[in-house]
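Chain naming here is simple, since letters A, B, ... match the order of the sequence lines and numbering starts at 1 in each.
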Protein chains: 2
Amino acid sequence: MQPLFRRLSYYAKLADHDGESLSKLSVRDHSYAPGEDIIRRGEKTGQVFVIKHGWAVRYITLEDGRTQVLNFMLPGDIFDLQVFLDDTVDHSVAAVTKVTTTVVNADSILSLFAQGSSIAAALWWSTVQEEGILREQIVRNGRRTARERVAHLILELHRRARIVGAAGPDSLELPVSQILIADALGLSFVHVNRVLRSLEKEGLIKKNKGVLTILARSQLIEACGYSEEHLHLDGPPRRLSFMAVAE
Amino acid sequence: MQPLFRRLSYYAKLADHDGESLSKLSVRDHSYAPGEDIIRRGEKTGQVFVIKHGWAVRYITLEDGRTQVLNFMLPGDIFDLQVFLDDTVDHSVAAVTKVTTTVVNADSILSLFAQGSSIAAALWWSTVQEEGILREQIVRNGRRTARERVAHLILELHRRARIVGAAGPDSLELPVSQILIADALGLSFVHVNRVLRSLEKEGLIKKNKGVLTILARSQLIEACGYSEEHLHLDGPPRRLSFMAVAE
DNA sequence: CGAGACGTTGATCTGATTCAAATACAGTGG
DNA sequence: CCACTGTATTTGAATCAGATCAACGTCTCG
């Protein structure tokens with residue numbers, strides 16, 4: 001459960017005993033092979049998944065095979081707190097690399113909420129973040145050029161990976177095919193390739209065996225007007241305001 | 001507070017006394033002129049808004065003026081339940097037509113949750129719906145052609161307006177400029193115009209003084225592979241599962 | 001070492017943008 | 001009621017960003 005604790009504590013300054021509560025939550029772990037679906041559209045899981053290792057994507061496929069990646073999921077990411085509504089999900093989640101998830105049963109999360117743990121606030125925060133990322137995805141794909149989209153996505157992924165300790169200050173293990181990047185950015189993979197090569201030729205980035213290095217961060221930021229507002233990095237309150245009400 | 005009740009009861013079969021609880025919630029109403037901002041990026045509102053009359057949009061503007069509409073908001077729509085985190089919002093909301101909102105203070109909503117009212121479940125449901133709409137927006141703009149995007153958006157807006165009683169079986173008052181549609185679909189307004197005119201020329205739709213009529217629904221659906229899964233129309237459970245836990 | 005998946009590059013094509021100009025329309029003030 | 005103004009719609013022509021098609025290189029791994 002380390003990655004979750006790490007991620008949540010980035011925001012919420014959790015105490016040690018919170019770490020204990022978290023580890024008690026774990027119901028069981030599960031592993032998935034690259035390309036395997038973790039959740040399939042139309043299912044009702046009744047469970048909450050936390051990514052422990054590896055990368056995953058949320059995606060939707062149209063009838064004719066066109067597919068759109070909604071967002072990338074890194075260690076520490078959670079899906080889905082909407083489980084409390086007993087709803088069927090409208091999208092799928094697939095493992096990109098080998099993925100290990102911790103499966104938490106919904107009730108254990110709920111008891112955290114009931115107890116007023118600061119973990120609950122952190123969890124809720126994580127859903128706010130995710131929505132922010134989704135909205136940014138809409139803007140990026142709707143109103144930015146291919147070059148901007150690629151640069152922006154690189155910066156976002158690096159930042160997110162960095163938070164969970166999966167990236168160096170300017171480098172990032174990016175186990176993601178150009179096809180997947182294309183499906184995330186609404187581009188053809190051929191064009192993604194050209195943009196990447198051109199960013200590389202200009203010395204903004206470098207890619208070597210799955211490790212991407214940001215060589216000129218400021219130029220990369222300038223190339224896309226990157227800002228981090230949408231990641232909501234300021235962190236959640238210690239407790240959800242409805243907990244105060246409950247007292 | 002009618003539109004909210006109408007919308008929530010579409011899903012949740014609310015009882016009469018729920019209607020009363022709802023009307024007691026209203027703190028005060030507020031009106032906005034077309035084009036006026038209701039919420040501005042960066043603010044902390046501490047309040048929940050419900051649209052009573054009129055249309056609004058959630059949007060984000062880039063530094064250079066490009067703007068992206070995230071989604072349209074109709075009577076009965078709510079923003080934002082994330083207020084409980086005391087977060088700053090990462091986007092703005094603007095009135096499209098003259099808009100009346102009911103402003104509810106966050107605490108009143110929270111007490112509904114605490115009471116275990118089925119209204120709470122319906123509210124939560126509405127956020128699940130909204131996320132579904134956001135995801136669909138990503139797919140639409142990322143992997144569909146201009147023609148598909150336009151057809152798809154028309155069908156979605158008609159359906160949503162219908163649910164809150166703001167549309168006939170095949171007609172829809174659409175007080176939205178082509179510029180705004182373009183900003184929602186990530187297209188130029190010139191192209192939106194061409195697509196609309198072509199759909200009209202082919203007899204799929206008709207537009208007359210702000211009223212759009214769907215003349216050939218089945219062809220329109222076929223033109224974009226429209227499905228309504230993302231609207232989560234099946235409705236919420238009567239109560240949120242964490243209420244059961246609280247007992 | 002052979003197969004399949006991914007990456008790279010060139011040539012060509014096209015859906016959508018941009019630029020430009022004309023028309024319709026709604027609201028305002030005289 | 002009409003002229004005036006600004007905003008939205010419509011249409012054409014030129015252009016371009018990105019897609020498609022096609023071929024080849026490269027890596028991985030069984």
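Taking atom NE2 of residue A:His191 and atom P of nucleotide C:dA16, one finds them 15 Å apart after rounding to whole Å. Rounded to an integer number of Å, the gap from CZ of A:Phe189 to P of D:dA22 is 13 Å. The distance from atom CG of B:Asn208 to atom P of C:dA24 is 15 Å, rounded to the nearest whole Å. Taking atom NZ on B:Lys209 and atom P on C:dG27, their separation rounds to 12 Å, with Å as the unit. Protein atom CZ of B:Arg197 is 10 Å distant from nucleotide atom P of D:dG12, rounded to whole Å. Distance NZ (A:Lys201) to P (C:dT9): 6 Å, rounded to an integer number of Å. The distance from atom CD1 of A:Ile179 to atom P of C:dG4 is 16 Å, rounded to the nearest whole Å. Rounded to whole angstrom, the span from the CG atom of B:Asn193 across to the C1' atom of C:dT23 amounts to 12 Å.
B:Gln178 has a side-chain polar atom (N or O) that falls below the 4.0 Å cut-off from OP1 or OP2 of D:dT10.
Judged by distance alone, the side chains of A:Thr100 and A:Asp29 never bring a donor and an acceptor atom under 3.5 Å apart.
Looking at heavy-atom distances under 4.0 Å, B:Leu187 makes contact with sugar-phosphate atoms alone, never a base. Using a 4.0 Å heavy-atom cutoff across all strands shown, A:Arg194 reaches at least one base atom of the nucleic acid. Looking at heavy-atom distances under 4.0 Å, A:Gly35 makes no contact with the nucleic acid at all.
The line from CD of A:Glu222 to CD of A:Glu148 is 11.5 Å long, rounded to the nearest 0.5 Å.
A:Glu156 has its side chain within reach of A:Arg140: a pair of non-hydrogen atoms, C-beta onward, lies under 4.5 Å apart.
Checked against the 6.0 Å centroid threshold, B:Tyr32 and B:His30 count as a close aromatic pair.
Mapping B:Ser177 and A:Val190 onto DNA chain D via the closest heavy atom, the residue that lands nearer the 5' end is B:Ser177.
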